[in-house]
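Throughout, residue positions are numbered sequentially from 1 according to the sequence presented. If you're wondering where the values come from, they're calculated on a predicted model, not measured in any experiment.
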Amino acid sequence: MKKASKTTSSSSTQYAPVYTQSPSSRSEEDINKNMARPTRKWEVFPGRNRFCCDGRFMMARQLGIFYFTVFLIVATCALFFYFDCPFLTRELTAAIPVIAAVLFLFTMATLLRTSFSDPGVIPRATPDEAADIEKQIDVSNATSPSYRPPPRTKEIVIKGQTVKLKYCFTCKIFRPPRASHCSLCDNCVERFDHHCPWVGNCVGKRNYRYFYLFIVSLAFLCVFIFACVITHLIIITKQHDFLQALKQSPASIVEAIICFFSVWSVLGLAGFHTYLTTSNQTTNEDIKGSFSAKRGQDNFNPFSQGSLGGNCLAVLCAPNPPSLIDSRGYVVPDTTQITCNSSSSCAVMSENNIVNVRHDNYGSTISTEKQPLSHGNGPGKKLPSPSSIAPAPPMGSNGGYQESPDDATAAAASATATAAAAYQHASKPYPVQHMPKIVPVNDVAVLTARIDLSNKLCN
């Protein structure tokens, strides 16, 4: 009877299934959605710029005139290839569309390279760098009623010529030589030339060569298309009258008008920048007369290479410097590192979220702060130095530590008493049977962290 009752009770018992597999894919997706997406630096960039393709391309915000420039070039060349090139290829030579295609592709490539690249933006000063610059300014007599703040400029000598470094109140830096602040993009740009709305970007140190090649190639393209269109109309006029030529190819008239009004400004701009390139100047410097004679004193360009060829090589063929803003880099949160020296003192090293680069004029952009780290019950109590900590005993042949039975027993008892006191101080029962195994280590960092944890538990 007992066996039957046991059988009946066991048969009526229902067991719930136990799943030992990993969580479902849906829960993993939920976890991934809840995780914070890393932020790139272009998303928090302080200037007034647009970034495309996840920070790969950088432009100004005012792009209306840039779109108009692209439309004029593409529309004029499309009309030329569709209406004029077939006739000129049949009547003259097949080299005409080939030359036009090469000029068109080169012009568009240099235009896009100028528009979508970093012109040489200088990163803004960090709060620590800005505070350091403020400390350098003399404010000892600031309480005096006749006190006037000193001019925020610095003077350096380049090839015997005095050059002033002006302070930018927006970027909180002393601008390097030839740099200027663009009011439209709200950035300081190295070797600032000008802000060109036709290309939709500033023109500076990193994209000036592409801008110069763009206007020169555009001048050749305008002259070439204008000459071919006039030739097309002249050939039709010889076969028929002029009105008949207009009826047969009305697109040629549109192309001729666009090229006629564009070629003069483009040729003039190309000539002006050829003069600037051969003299190693910028538009900003030429307009301000930075290197012209002032008050009877000789004033020369300290950045000139001394010859036309040398200036052209320095401006157009010099290595292109890397970008300083690192737009595709990730925003790194402020990190704290504990460093200890031999004098039993520790410090906290905090790294700001900036680009780790070095510049010749304004130094490193990494800022670190050292603050004393206090531990224990009283203020100012520091961790013991690593040199005062006894090293771990040598390893034994079986992978363990060589120590006597008395030493092992004493060490285990001491560790147990310390941990039990910490748990009692926290008003928590201490499970002796679940005591973690105490293993001596040689790593000073790990040992320092354990001492820090023990001090916190004792507090």
Could you tell me whether the side chain of [Y] reaches within less than 4.5 Å of the side chain of [X], counting heavy atoms only?
{"X": "S217", "Y": "T110", "answer": "yes"}
{"X": "T69", "Y": "V199", "answer": "no"}
{"X": "I156", "Y": "L165", "answer": "yes"}
{"X": "R206", "Y": "P119", "answer": "no"}
{"X": "H273", "Y": "L276", "answer": "yes"}
{"X": "I122", "Y": "E190", "answer": "yes"}
{"X": "V223", "Y": "V263", "answer": "yes"}
{"X": "P321", "Y": "K205", "answer": "yes"}

Quick one: [atom1] on [X] to [atom2] on [Y], what's the gap to the nearest 0.5 Å?
{"X": "F87", "Y": "Q248", "atom1": "CZ", "atom2": "CD", "answer": "8.0 Å"}
{"X": "F174", "Y": "E129", "atom1": "CZ", "atom2": "CD", "answer": "13.0 Å"}
{"X": "N49", "Y": "C185", "atom1": "CG", "atom2": "SG", "answer": "5.0 Å"}
{"X": "C77", "Y": "D84", "atom1": "SG", "atom2": "CG", "answer": "11.0 Å"}
{"X": "L111", "Y": "L213", "atom1": "CG", "atom2": "CG", "answer": "12.5 Å"}
{"X": "L88", "Y": "I96", "atom1": "CG", "atom2": "CD1", "answer": "4.5 Å"}

Can you establish whether the number of heavy atoms outside [X] located under 6.0 Å from its atom [atom1] is more than 12?
{"X": "F272", "atom1": "CZ", "answer": "yes"}
{"X": "W42", "atom1": "CH2", "answer": "yes"}
{"X": "K238", "atom1": "NZ", "answer": "no"}

Centroid separation F57 to F51 less than 6.0 Å: no
Aromatic centroids of F214 and Y212 separated by under 6.0 Å: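 No, ring centres 6.0 Å or more apart.
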Sole residue of K154, R175, K172 in side chain to side chain contact (heavy atoms under 4.5 Å, CB included) with Y167: K172
Test salt bridge (charged side-chain N to carboxylate O under 4.0 Å, His left out) applied to D118 and R56, step by step: CA-CA 10 Å; D118 171 23; R56 290 179 175 85; over 6 Å; no
Salt bridge (charged side-chain N to carboxylate O under 4.0 Å, His left out) evaluation trace for R328 with E43: CA-CA 9 Å; R328 283 185 48 77; E43 300 180 85; over 6 Å; no
Geometric cation-pi criterion, R178 with F303: 6.0 Å, 45°: yes
Polar side chain donor-acceptor pair, N201 to S117, under 3.5 angstrom: no
Candidates T282, N284, T283, N207 - the one meeting side-chain hydrogen bond (donor to acceptor under 3.5 Å, both in side chains) with D193: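 The passing option is T283.
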